[in-house]
Amino acid sequence: MSQQENDHMKNDLPQEDLKNSEANSTESSAKSDKPQEEQQENKSESSFSKLAETSTNHPDSEKEKDNLEKAMVAESEASGKSAETEQRESDSTSSHMDEEEEKAESITPSKKSAQSEFEDSVAEDSEDETVTERHGIEKKDYHSMSKEELVGELEKLVGSEKVQAIKEHVEEIRSEFNAKFDEELEEKKEEFLADGGNIIDFHYSTPIKKQFNSAYFDYKEKRNNYYQQLKQDLNKNLDKRLAIIEELKGLLDVEENINTTYKHFKDLQDRWRTAGPIPRDKYNTVWNTYHHHVENFYDFLHLNREFRDLDFKHNLEQKLKVIDRAEELTLETDTNRAFRELQMLHKMWKEELGPVAKEYRDDIWDRFSEATKKIHDMRQAYYDDLDKQHEVNLVVKQEIIAKIKAIADGSYKSHSQWQQKIKELEALREQFFKAGKVPREKNEATWSEFKQHVRQFNRNKNAYYKSLKKEQYDNLEKKRELIQIAEDNKENEDFKATTPLMKKIQADWKKVGHVPRKDSDKVWKLFKAACNHYFDRLHKASNQENAEETKAFDQKKEILDRLKSMELSGEKKTDLPKIKAVIEEWKNIGKVPYNKRFIEGKFNKVLDQLFSKLDVDHTKAEMMKYENKIQALNDADDDKKLRNEHYFLTKKVEETKNEIRQLENNLQFFSNVDEDNPLVKEVHKNIQDHKDQLEVWKEKLEKIKSIY
C-alpha cells in the first residue's frame, strides 16, 4: 500500500481510530468482547501480536504458530478432557445425551451466575438448533390429570410435535402416569393378597397401561432415530468447521493480493456461520480455536487496517443493536420469553459478530452484561415466586394428607360406613392431584407419605371385607334354608295357614344381610320363583271366589268407556277437574280380579291421550296416573307386585343418575367449544330431560315407600 493510500485511509477513519492506527501494532490484537471463552484468549493476547509481527518479518513464524497451538491444546487438556476422551464422548449414544441434559436440568437457575447460565444455553443450542422449539409447546398441569388424560396428551405430543422438542413434556407425563398407576397397582396387590393369593401369581395390567406403553415406545423409537441421525450430522458439521479452521490458518501463508485474501477470509466467515451445529462438548474448544485464528488474521492485517477497521465498525454497529434489544427485553413482563430471546442474542454475539475496536470493547460488554444480569435477576425472581407457590401447595397437600391419615386410622363397622369413607378418600385423592406441584426436594417425601396412608386405608378395607366374607357365607346358608321352606310350601293348598308363613320368610329374607356377590342373583331368583308361584296360585284362587272384584271390574269398564267418550272444552281449568274426578272415582271402586288388571293399563292410556290434549305438565300427569296405580297395588294386597315396583323404581333412579353422570362427563370433551354449538346444546337438553325424569322416578319411589 502506498503512503498516499495509507493517508487517505486514515482520513476516512474516526479520530480515535486514527490514533490507534498510529499506535504499536500489538494494541490491535483483540481480546474479544469478554464472554468467558474470550476472556481466556486474552491471556495469549501478547502472543497473538508477536505472532502477527513474525508472520511477515521472520521465516520461523510457522514454527511459532505451531508452538502456540500446542500450548493451547495442552491448556485445553489440562482444564478439560483429552482429545481421545472427547472423541469417545462424541460417540456416546442418545441415552447418554439424555443423561447430560438431565444433569443440566437438575441445576436450578438460582445456582448459576447470569453469564454461566447463558454460556450453558448457547452451548446447548449449538448442538441442536431446534431445542428452543420446546418453549413454544404448552406444558400443562400433568399432575392433576387422570391416567386417561395423560395418555391422550402423550399420544398428541408424539403424533404432532418434533420428538426433540417434547423431552421434558414426555418425561413429566411418564412420571405422573407411573406414579398413579403404581398406586393403583399397590392397591390391587393388597386386595389380591387379602383374598389369599400368592404374590408369585400376582399380575396386573390394564388397557390404559398398554396404551401408554405403546405411545411411549413410539416416542423412544422416534427419539432414538432422531439422535442417531443428529449424531452423524453433528460429526459431519464438526469436520466442516475443523476444515474451515485449517483454511483460516493457511491464509497467513498465502502470497496473494490482500484484497483477494480478505475476500477469502470473509467467505470463510460466511461458511462458518452456516456450517451447522456440532457436539456441545466440542463447542467451546472449536469456537476458541476459530476465534484465535480470526484474531490472528486481524493482526495479520495490521499493515492493511482499512479492511480491519471497516469490519470493526460493522461489528460495533451490529453489537450496539444487540445491546439495544437486550435493554428493551429488561422491560418485558414475560420473563421466560425475555430469557429465550436473550439466549439468541448471546448466541448471535458469540457466533455471528466479530470483535470491535479495542477502545469500545469494555463499554459495550459492560452494557450487554448489565442487561443480561437484569434479565437473569428477573428470571430468578420469577422462580422465587414459583417456589413460594410450591410452598403454598405443599401446605395444602399436607392438610389433605392429614385428612387421609385420619380416615385411614378410623374404625368402621359396616359396609355403608366403608363405602362412605371410600368416597371421601377418592375425593381427597382428587384434591391432592389438583393441588399443584410442591418444592422438588419435598416431592418424594410428600408422595411417599400420601401413598403410605392410602395404602394403610386399603389394607384396613381389605381386612374388613375379608372378615365380611365369612359372614356372607353364613348368610348364604340362611337364605338357602328359606329357599327350601318356600319350595316345600309353594304347592300347599291351605292358603290360610301358608300365606302368613310365606310372608314371614319374605320378611326374614330381608333381615339376613348380604351374601357373596357371585351367589346373590342365583339365590334371589330361586327364592323369588318359589314365592311368586305360591302367591300366583293364591291370587288365582282368590279371584275365583271374590265376586266383589268382578263387580269392580264391570264398574271400571263403564268408567273407562265414559272416559273415552269424554268431550273436552279445551280449557285446562275446566277439563282437568273433570278428569281428576274420574280418577278419584276409579280409585274408590277398589281392586279387580287378578286376571282383569289389564284394565288399569287401558285407563292410563286414555288418560295419556287426554293429558296430551290439555298440555298438562309431564311430571304432574305421571304422578296423577301413578296415584291410581299405587291404589291398585295396595288394594290387591300383593307384596310381590309392591316389591317388584320398589325394585324397578330403585333401579330406574340409579340408571338415570348414571346416565346424567355420563352425559356430564361427555361435556368435558366440549370444554373449548362455544355454548351455542348445536351439539353442546343438544347434550345440555338431554341432561335436563334426564334430570326431569329423575325427579319423576324419585317421587314415584317415595310413593311406593309410603305403603311398602
Side-chain angles (χ1 to χ4, degrees), residues 94-109 131 133-135 137-189 204-224 226-227 336 383 386-387 389-394 396-398 400-401 404 428-455:
S94 62
S95 62
H96 175 72
M97 284 189 264
D98 289 343
E99 291 173 3
E100 291 300 318
E101 289 177 9
E102 288 171 2
K103 289 177 183 177
E105 290 167 4
S106 67
I107 303 174
T108 61
V131 73
E133 293 183 20
R134 68 174 179 264
H135 300 298
I137 303 173
E138 180 186 6
K139 187 179 285 187
K140 301 181 180 179
D141 185 6
Y142 302 125
H143 186 65
S144 66
M145 290 185 176
S146 66
K147 294 189 295 295
E148 290 74 16
E149 290 170 332
L150 289 170
V151 172
E153 280 298 315
L154 177 60
E155 290 176 335
K156 178 182 175 183
L157 288 171
V158 175
S160 61
E161 302 291 351
K162 292 181 179 178
V163 70
Q164 68 272 27
I166 60 174
K167 176 184 180 296
E168 294 176 6
H169 303 71
V170 170
E171 289 309 311
E172 190 169 339
I173 289 173
R174 178 171 175 261
S175 174
E176 294 297 343
F177 181 90
N178 285 341
K180 290 178 171 63
F181 182 78
D182 287 347
E183 182 198 2
E184 182 180 330
L185 179 68
E186 287 295 327
E187 182 178 349
K188 297 300 179 183
K189 185 189 295 182
Y204 181 71
S205 185
T206 62
I208 196 64
K209 173 63 172 172
K210 294 176 181 177
Q211 188 178 349
F212 173 82
N213 289 344
S214 175
Y216 190 70
F217 176 82
D218 290 344
Y219 163 72
K220 288 199 298 183
E221 192 173 49
K222 288 184 177 181
R223 182 194 64 181
N224 291 339
Y226 167 78
Y227 279 114
N336 284 325
Y383 280 109
L386 204 58
D387 288 342
Q389 182 58 52
H390 289 171
E391 290 290 348
V392 173
N393 296 344
L394 176 62
V396 173
K397 285 196 169 184
Q398 287 173 337
I400 294 172
I401 290 172
I404 293 175
L428 289 171
R429 283 184 74 260
E430 187 173 346
Q431 291 175 28
F432 180 87
F433 288 119
K434 290 186 180 300
K437 295 182 178 180
V438 301
R440 179 177 297 181
E441 65 275 10
K442 303 282 188 178
N443 185 59
E444 184 61 33
T446 306
W447 176 242
S448 296
E449 189 178 3
F450 168 77
K451 287 195 298 183
Q452 173 190 342
H453 297 310
V454 170
R455 191 174 300 137

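Since the structure is predicted, the reported quantities are computational estimates derived from the model, not experimental observations.
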- request: Output, in order, the C-alpha distance, side-chain angles, deciding distance and verdict of side-chain contact (heavy atoms from CB on, under 4.5 Å) for M145 and F177.
  value: CA-CA 9 Å; M145 290 185 176; F177 181 90; over 6 Å; no
Chi angles and distances behind the side-chain contact (heavy atoms from CB on, under 4.5 Å) call for V454, K451: CA-CA 5 Å; V454 170; K451 287 195 298 183; 5.7 Å; no
message: Run H169 and E161 through side-chain contact (heavy atoms from CB on, under 4.5 Å) and show every step you take.
response: CA-CA 11 Å; H169 303 71; E161 302 291 351; over 6 Å; no
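Looking only at side-chain heavy atoms (C-beta outward), T206 and K147 stay at 4.5 Å or farther from each other. In this structure, L185 and K188 have side chains that are not in contact, with every pair of non-hydrogen atoms separated by 4.5 Å or more.
Residues K397 and V438 share a closest heavy-atom pair of CD-CG1, 3.7 Å. Residues L150 and I173 come closest through the heavy atom pair O-CG2, 3.7 Å. Nearest heavy-atom pair across V396 and A435 is CG1-CB, 4.0 Å. Shown here for A215 and E155, the closest heavy-atom pair between the two residues is CB-CG, 3.8 Å. When all heavy atoms of P439 and L394 are compared, the closest pair comes out as CD-CB, 4.1 Å. Of all heavy-atom pairs between Y219 and K167, the closest is OH-CA, 3.5 Å.
The local environment of OH in Y204 is crowded, with over 12 non-hydrogen atoms from other residues, nucleotides or ligands closer than 6.0 Å. No more than 12 heavy atoms of other residues, nucleotides or ligands shown are found within 6.0 angstrom of CD on E430.
Side chain of K222 to backbone of V158: a donor-acceptor contact under 3.5 angstrom is found.
Looking at residues two or more places apart in sequence or on another chain, you find a side-chain contact (heavy atoms from CB on, under 4.5 Å) between E449 and I401, H453. Considering only residues two or more places apart in sequence or on other chains, K437 meets the salt bridge (Lys or Arg N to Asp or Glu O under 4.0 Å) condition with E172. Remark: F432 pairs with F450 by the ring-ring contact (aromatic ring centres under 6.0 Å, His included) rule, at least two apart or across chains.
Rounding to the nearest 0.5 Å places CD1 of I400 at 11.0 Å from OG1 of T446. Distance check: R455 CZ to K189 NZ gives 8.5 Å after rounding to the nearest 0.5 Å.
Relative ring orientation between Y216 and F212 is described as parallel, the plane-to-plane angle staying below 30° on a 0-90° scale split at 30° and 60°.
Between E176 and K180 there is a salt bridge, since at least one side-chain N of the basic residue sits less than 4.0 Å from a carboxylate O of the acidic one.
The residue from H390, Q389, E391 that alone fulfils the side chain to side chain donor-acceptor pair (under 3.5 Å) condition with N393 is Q389.
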